[in-house]
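So the structure is just underneath, and the comments pick up after that.
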Amino acid sequence: MQKLLIEGGHELNGKVRISGAKNSAVALLPASILADSTVTLEGLPEISDVYTLGDLLEEIGGSVSWNGQDVTIQPEKMIAMPLPNGKVKKLRASYYFMGAMLGKFNKAVIGLPGGCYLGPRPIDQHIKGFEALGAEVTNEQGAIYLRAKELRGARIYLDVVSVGATINIMLAAVKAKGKTIIENAAKEPEIIDVATLLTNMGAKIKGVGTDVIRIEGVPSLHGCKHTIIPDRIEAGTYAIAAAAQGKEVVIDNVISQHIESLIAKLREMGVTVEESDEQLYIANRKPLKSVDIKTLVYPGFPTDLQQPFTSLLTQVTGTGVITDTIYSARLKHIDELRRMNALIKVEGGSVIVSGPTQLQGAKVKASDLRAGAALIIAGLAANGITEITGVDHIDRGYEKITDKLTSLGANIWRKDMTQKEIASFQNS
Ligand code: EPU
C-alpha cells in the first residue's frame, strides 16, 4: 500500500493531457457484452476501475486484450455467469453488468455494487426500469437477481435524474422487443458516448442528450470500434488545480463545452480561461474572489468537482457557499481540509468556506476519489509536506496523477507505507 507526499508551494506551469472519461469507460466495457462480435474501445483511461471491469468481462468468458489504452473484447464465449461476490463489489459501475447481461442473456446475478461512499446511493430507478421491461428483480443475500422470459419495450419515467439508471435501462432495452421511451433521462456526455457505441453496434437510439430517449429494439448487435470521449472531471480537476496553484496551464484533449459550468465559475472568480480547439488555457491572475456553487445534474455544476472546488475556495478572498444537491453527504474531505488549517463550516446542507487561508501540510486520508483530488489540490497550495493515505481511491479514477502533476512542476511522489502505517490506516 502506498501514500502520496506533496511538498506544497510549487507553481503549476505547462501542459497536461487529459485521459479518456472514467465514467464513460466503466459503461462502455460492460456494453460490449451486448455485441455478437469483437468490440474495440480506444483511448480508455489507465485506471484501476477499468482493469477491474476488464477482469469481470473475462470472468464471464470474454476474451479481453489490452494494448495500452486500447482494448479488444471478444464477447462470443460470454455466458450468464453469476457474479454475486468478488471484484463486482469493488466499484459502483459494476451495476452496468445488470443491464448489459439482462439485455444479452435475459438473466443476471450481480452483487450489490461498492465504490465511493457518498451517502445513500440507491438503485431503485435502475430496478424500476428493468421491471418495466419485463424482468423479475429480487435481492437475495446482497446480490440482485434479474430474470426475464423476454424483454419488451416500455415507457419509463425516472423519478430521479440518474446517470446510472439512464445508461443501465438503455443497455437492457436496446435488444428488447419494441419501443422503449426513457423520460426524465440524464443528459451527461457519458450517456451520449455510450449511446454512440451502442448505435455503432447497430442499436436504434434517438434523443440522447435530451431528457427523452427513444429506443427501438433490434434482435442483435455487432462489434465495432469506438473512441472514448475525454474525461471532463479530470479536466475540471486540473483546471481547478491550475486556478489554485497555477501560473499558466494548458489542458489538452478536453471538450470545453462539457465543463462550461466550471469555466463560468472560474471566470467569475477572476481566473483567465481561454477555450480553443480541444484545449483550455488557464492563467492565474491573483487575487481571486470567492463564488457560490450549487451542484446540479448536467449541464449544471458537477457534483464530482464539488470537493476539488472546496480546496480552491480556501485560496481565494471572501466566503463561498457550496451546496451539493446530488450527494448532500459528500463531505468527507472537510475534516481533512480542516486539519490543514482550512476555515470551513457546515451549516444545514451547505458548506461555507472562508479564505484566503495559508494551508499547512498535514497527514490526511482520502476517503473517496474526489476527496482525494481535493486533498491533492490543497497539498499543492499548502506550506510544507502533505501526506495522503487512501491512494487506492485516487488511482481508481485519475490516470498517472503523480506523473501528470510532476510534469506541471509539482513536487509530488509516492512512498510505500510501513506495516505500522498500514495497520493504523486500516483502523482509522
Ligand atoms: N438515485 C436514486 N435512485 C437511483 C439512482 C440514483 O435515488 O436509482 C439518486 C442518487 O442517490 C443521487 C442522484 O440520484 O442523489 C444521482 O445519482 P446517479 O444515479 O446519477 O449517480 P451514479 O450513476 O450512481 C454517476 C457517477 C458518479 C457521479 C454521479 C452524478 C459513474 C460510475 N458514477 O453515479 O461519479 O457523481 O453519476 O453525476 O458514472 C465519481 O466519478 O467520483 C462519481 C462518484
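Indexing begins at 1, ligand by ligand and atom by atom, following the structure's order. Computation of the quantities below employed the complete heavy-atom set of this structure, encompassing side-chain atoms and omitting hydrogens, waters and symmetry-equivalent molecules.
The shell of residues lying under 4.0 angstrom from ligand 1, judged by heavy atoms, excludes Ile233. Look at Gly397 and you'll find every heavy atom at least 4.0 Å from all atoms of ligand 1.
Only side-chain heavy atoms of Thr303 come within less than 4.0 Å of ligand 1; its backbone N, CA, C and O stay farther off. By the criterion of a heavy-atom distance under 4.0 Å, neither the backbone nor the side chain of Glu190 is placed next to ligand 1. Contact annotation: for Arg330 versus ligand 1, heavy atoms closer than 4.0 Å belong to the side chain alone. By the criterion of a heavy-atom distance under 4.0 Å, neither the backbone nor the side chain of Tyr298 is placed next to ligand 1. Looking at Val160 against ligand 1, only its side chain comes within 4.0 Å, counting heavy atoms. Under 4.0 Å from ligand 1, not a single heavy atom of Ala165 appears.
Nearest-residue assignment for atom 25 (C) of ligand 1 (options Asp49, Leu369, Val163; heavy-atom criterion): Val163. If you check each of Ser328, Gly372, Pro122 against atom 4 (C) of ligand 1, the one with the closest non-hydrogen atom is Pro122. Here the shortest heavy-atom distance to atom 34 (O) of ligand 1, taken over Arg121, Gln307, Arg92, Gln306, belongs to Arg121.
Judged by distance alone, the side chain of Asp368 and the main-chain N or O of Ala371 form a donor-acceptor pair under 3.5 Å. One N or O on the side chain of Asn168 and one on the backbone of Tyr95 form a donor-acceptor pair closer than 3.5 Å.
Applying the side-chain hydrogen bond (donor to acceptor under 3.5 Å, both in side chains) test to every pair with at least one member in residues 204-218, sequence neighbours left out, gives no pairs at all.
Close N/O approach between Gly164 and ligand 1 is found [any backbone or side-chain N/O within under 3.5 Å]. Between Glu188 and ligand 1, no N or O atom pair is found at a separation short of 3.5 Å. Geometrically, ligand 1 and Arg370 share a nitrogen or oxygen pair separated by less than 3.5 Å.
Residue His126 has at least one heavy-atom neighbour below 4.0 Å for each of these atoms of ligand 1: 8 (O). Against a heavy-atom cut-off of under 4.0 Å, Lys22 is close to the following atoms of ligand 1: 40 (C), 41 (O). Close approach of ligand 1 to Ile123 (heavy-atom distance below 4.0 Å) involves ligand atoms 4 (C), 8 (O). Applying the 4.0 Å criterion to heavy atoms of Gln125 picks out, from ligand 1, the atoms 3 (N), 4 (C), 8 (O).
Between Arg370 and Ile233, some side-chain heavy-atom pair lies under the 4.5 Å cut-off. Side-chain contact between Val50 and Trp66: present, with at least one pair of heavy atoms (C-beta onward) separated by less than 4.5 Å. At a threshold of 4.5 Å between non-hydrogen side-chain atoms, the residues Val297 and Val163 do not count as touching. For the pair Ile259/Leu280, a side-chain contact is recorded, criterion being any heavy-atom separation below 4.5 Å from C-beta on.
Using modelled atom types and a 3.5 Å distance limit, the side chains of Asp324 and Thr303 yield a donor-acceptor pair. Using modelled atom types, one finds no donor on one side chain facing an acceptor on the other under 3.5 Å when comparing Glu188 with Asn23.
Around the CD atom of Gln257, the shell of radius 6.0 Å holds no more than 12 heavy atoms that belong to other residues, nucleotides or ligands.
For Val160, the side-chain contact (heavy atoms from CB on, under 4.5 Å) criterion is met by Gln125, not counting sequence neighbours.
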